[in-house]
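Quick notes on the structure that follows.
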Amino acid sequence: MEKTFEFLGIHRSKEPKFVLPQAAKTVDNSLPIKDSEILFEVDALNIDSASFNNLKQLSNNQKEEIKKLILEIVKERGKMHNPYTNSGGVFKGKIKEIGKYFNEYHNNKYKVGSKVVSLTSLSFTPLHIEKIEDIDINSNTVFIKGYAILFLYSPFAVIDEFEFEEDVIMKVLDVCGAPAQVAKYSKISDYVVILGAGKSAILSAHEAYKRVKPTGKVFIISKYEEELEWFRKGQICDYTIQADATDPIEVYSKYIKVSDRLADLVVNCTNVENTETSAILLTKEGGICYFFSMATSFQKAALQAEGLAKNIELIIGNGYYPEHYRIAINCLKENNVIYDFFKHKK
């Protein structure tokens, strides 16, 4: 039993003890690693959208202030776990050391020096930052010198096999849970609505559009016209609607002007609070409302659905799905506009 706990990372939790690392307020990020762990040399973090948006607000969009906030969080908590959004992101780096049990469990398939992107939230990951080299404030990317530790059951992707640039892969894999779940839940003839027009949204739209055609439709709703243009250019939607997802009346009114019915699947990919009602209003009776956004309050969503007498399935945005990173990378291969979005969009 003790070994099982070690495999789960419970031994790294400091306050409180005997909980999984994500639930811990602080974790132990010290070296050396245990036999059940793997150590990575980290060169970049991709902070999740809700968290980075919060950091920008707290710092008045000042890069040096964002650096200070990140360093304070990691120093205090031993991980990049934003206390306001309770979310993290992913890291990019390479394998530096592999624990004995870790290697045996995974049949020696991992090699020191392999380049990787984590598929485990930074809120779960012991992290030490020696130095923040720079921040790309437009892409949520933080360039660092440091290390991270994962556990026997923690997912990550070896990216040596992919032909795309490492920074593109990292940004894609940060949100790879969304398109995989959309691929699972969307089907031919469905109406799919996606709230938000960022990284997770464009991948989700691609997966939905492939599956609902020829009789289904995909709708993209965003406050920003420049974001909507990418979806039209990529030909992965039927309608784009410029509306503020925090204003459910505006969203609903504009949607029913272009659609003859409510959606079978609504995917919330926003990075701001108070968008739950818009998502629920657009979901048909018996439909699915999938909250990928880390800015979502599931309590709000449940109570709003109850208050609106909506018999719908509410799904928390689980970021993991088997082979989800390959589904996301395939989006880049299948649509050059999506690649351009991740490569060039600011």
query = Between V116 and I159, what is the shortest heavy-atom contact and its length?
reply = N-CG1, 4.1 Å
remark   = Which of K217, K284, K187 passes side chain to side chain donor-acceptor pair (under 3.5 Å) with D264? It is K284
inquiry  = Taking A245's backbone N and O only, do any of them form a donor-acceptor pair with T275's side chain (distance below 3.5 Å, no angle check)?
reply    = no
query = Do the side chains of V258 and L265 join up, straight or via other hydrophobic residues, at under 4.5 Å, putting them in one cluster?
reply = no
query = Is a salt bridge present between D43 and K94, judged by a nitrogen-to-oxygen distance below 4.0 Å?
reply = no
query = L195 and V175: same hydrophobic cluster, using ILVMFWY side-chain contacts below 4.5 Å?
reply = no
ask   = Would a 4.5 Å heavy-atom cut-off, applied to side chains only, mark V337 and F231 as touching?
value = no
task = Please say whether more than 12 non-hydrogen atoms of neighbouring residues, nucleotides or ligands are located less than 6.0 Å from CG in N336.
result = no
query = Given the rule in the side chain to side chain contact (heavy atoms under 4.5 Å, CB included) test, do L332 and F162 qualify, once you have shown the distances and angles that lead to the verdict?
reply = CA-CA 11 Å; L332 302 180; F162 300 127; over 6 Å; no
message = Counting only heavy atoms not in K254 (residues, nucleotides, ligands), do more than 12 fall under 6.0 Å from its NZ?
response = yes
ask   = Is it true that a side-chain atom of E41 and a backbone atom of Y147 form a donor plus acceptor pair closer than 3.5 Å?
value = no
task = Please list all pairs passing the side chain to side chain donor-acceptor pair (under 3.5 Å) test where one or both residues lie in residues 326-335, with sequence neighbours left out.
result = E161-R326, H206-E334, K210-E334, E323-R326
request  = Look up atom CD in E313 and atom CD1 in I288, then write down how far apart they are to the nearest 0.5 Å.
outcome  = 5.0 Å
query = So, do Y191 and R261 sit near enough that their side-chain heavy atoms are less than 4.5 Å apart?
reply = yes
ask   = After noting the C-alpha distance and the side-chain angles of D136 and D167, does the key distance pass the side chain to side chain contact (heavy atoms under 4.5 Å, CB included) rule?
value = CA-CA 11 Å; D136 184 341; D167 64 322; over 6 Å; no
key: Main-chain N/O of Q242 paired with E225 side-chain donor or acceptor, under 3.5 Å   = no
query = Cut-off 3.5 Å, side chains only: do T85 and N54 have a donor facing an acceptor?
reply = no
request  = Look at the side-chain heavy atoms of Ile, Leu, Val, Met, Phe, Trp and Tyr, link any pair under 4.5 Å apart, and say whether I241 and W230 land in one connected group.
outcome  = no
N/O donor-acceptor pair under 3.5 Å between N107 side chain and K109 backbone = no
request  = Could you tell me if the ring centre of Y239 sits under 6.0 Å from that of Y255?
outcome  = no
ask   = Are any of the side-chain nitrogens in K75 or E72 under 4.0 Å away from the carboxylate oxygens of its partner?
value = no
query = Do other residues, nucleotides or ligands put more than 12 heavy atoms under 6.0 Å from E163 CD?
reply = yes
query = So, H106 side chain and L152 main chain: donor-acceptor pair closer than 3.5 Å or not?
reply = yes
query = Does the K67 side chain pair with the main chain of I135, one donor and one acceptor, at a distance under 3.5 Å?
reply = no
ask   = How about L314 and I312: do any of their side-chain heavy atoms sit closer than 4.5 Å?
value = yes
request  = Begin with the C-alpha distance, continue with both residues' side-chain angles, and end with the deciding distance and a verdict on side chain to side chain contact (heavy atoms under 4.5 Å, CB included) for N140 and N53.
outcome  = CA-CA 9 Å; N140 305 1; N53 188 54; over 6 Å; no
ask   = Say you draw a straight line from OG of S297 to CG of L303; how long is it, rounded to the nearest 0.5 Å?
value = 8.0 Å
query = Can Y321 be reached from I329 by stepping across I, L, V, M, F, W or Y side chains whose heavy atoms are under 4.5 Å apart?
reply = no
key: CD/E273: more than 12 non-hydrogen atoms of other groups inside 6.0 Å   = no
ask   = Would a 4.5 Å heavy-atom cut-off, applied to side chains only, mark E37 and P126 as touching?
value = no
inquiry  = If we ignore hydrogens and angles and just use 3.5 Å, is the side chain of K79 paired with the main-chain N or O of S123 as donor and acceptor?
reply    = yes
Q235 CD: over 12 foreign heavy atoms closer than 6.0 Å = no
inquiry  = Give me the atom names and distance for the closest heavy-atom approach of G99 to I33.
reply    = N-CD1, 3.9 Å
query = How long is the span from the NZ atom in K25 to the NZ atom in K14, to the nearest 0.5 Å?
reply = 12.0 Å
query = Just by modelled atom types, is the K111 backbone N or O under 3.5 Å from a matching donor or acceptor in the S114 side chain?
reply = yes
key: T125 side chain vs L127 backbone, donor-acceptor pair below 3.5 Å   = no
Pairing of E207 and R211 as salt bridge, 4.0 angstrom limit = yes
query = Given L173 and V90, is the side chain to side chain contact (heavy atoms under 4.5 Å, CB included) satisfied, shown in steps?
reply = CA-CA 8 Å; L173 297 195; V90 298; 5.7 Å; no
query = Can you tell me if CZ on F298 sees more than 12 non-hydrogen neighbours from other groups inside 6.0 Å?
reply = yes
ask   = Can you find a pair of side-chain heavy atoms, one from T296 and one from T270, that are under 4.5 Å apart?
value = no
message = Looking at K213 and D238, is any side-chain nitrogen of the basic one under 4.0 Å from a carboxylate oxygen of the acidic one?
response = yes
message = Are F156 and F40 an aromatic pair, judged by ring center distance below 6.0 Å?
response = yes
ask   = Which value, rounded to the nearest 0.5 Å, describes the distance between I316 atom CD1 and Q181 atom CD?
value = 11.5 Å
key: Min side-chain heavy-atom separation H81-P21 under 4.5 Å   = no
Side-chain (D160) to main-chain (K115) donor-acceptor, under 3.5 angstrom = yes
query = Can you name the closest pair of heavy atoms from T283 and L262 and give their distance?
reply = O-CD1, 3.9 Å
query = Which distance, rounded to the nearest 0.5 Å, do you find between the CD1 of I95 and the CD1 of I38?
reply = 4.0 Å
ask   = Between R12 and F151, is NZ or CZ placed under 6.0 angstrom from the six-membered ring centre and within 45° of the ring axis?
value = no
query = Picking from E227, E229, R232, what satisfies side chain to side chain donor-acceptor pair (under 3.5 Å) with T240?
reply = R232
ask   = Who are the ring-ring contact (aromatic ring centres under 6.0 Å, His included) partners of Y185, not counting sequence neighbours?
value = none
L55 and I73, any side-chain heavy atoms less than 4.5 Å apart = yes
query = Hey, is NZ on K56 packed in by over 12 heavy atoms from elsewhere, all under 6.0 Å?
reply = yes
query = Is the count of non-hydrogen atoms from other residues, nucleotides or ligands lying under 6.0 Å from F143 atom CZ greater than 12?
reply = yes
Shortest non-hydrogen separation from F341 to K199 and the atoms involved = CE2-CA, 3.9 Å
ask   = Can you tell if the side chain of E65 reaches within under 4.5 Å of the side chain of N60, non-hydrogen atoms only?
value = no
ask   = So, for S293 and C269, which heavy atoms are closest and what is the spacing to 0.1 Å?
value = CB-C, 4.4 Å
inquiry  = I need the minimum non-hydrogen distance between K171 and N46, along with the two atoms involved.
reply    = CG-ND2, 3.6 Å
ask   = Cluster question for you: counting only ILVMFWY and a side-chain heavy-atom cut-off of under 4.5 Å, with indirect links fine, are L203 and I327 together?
value = no
query = Just checking, is any N or O donor in the side chain of N274 or K300 under 3.5 Å from an acceptor N or O on the other one?
reply = yes
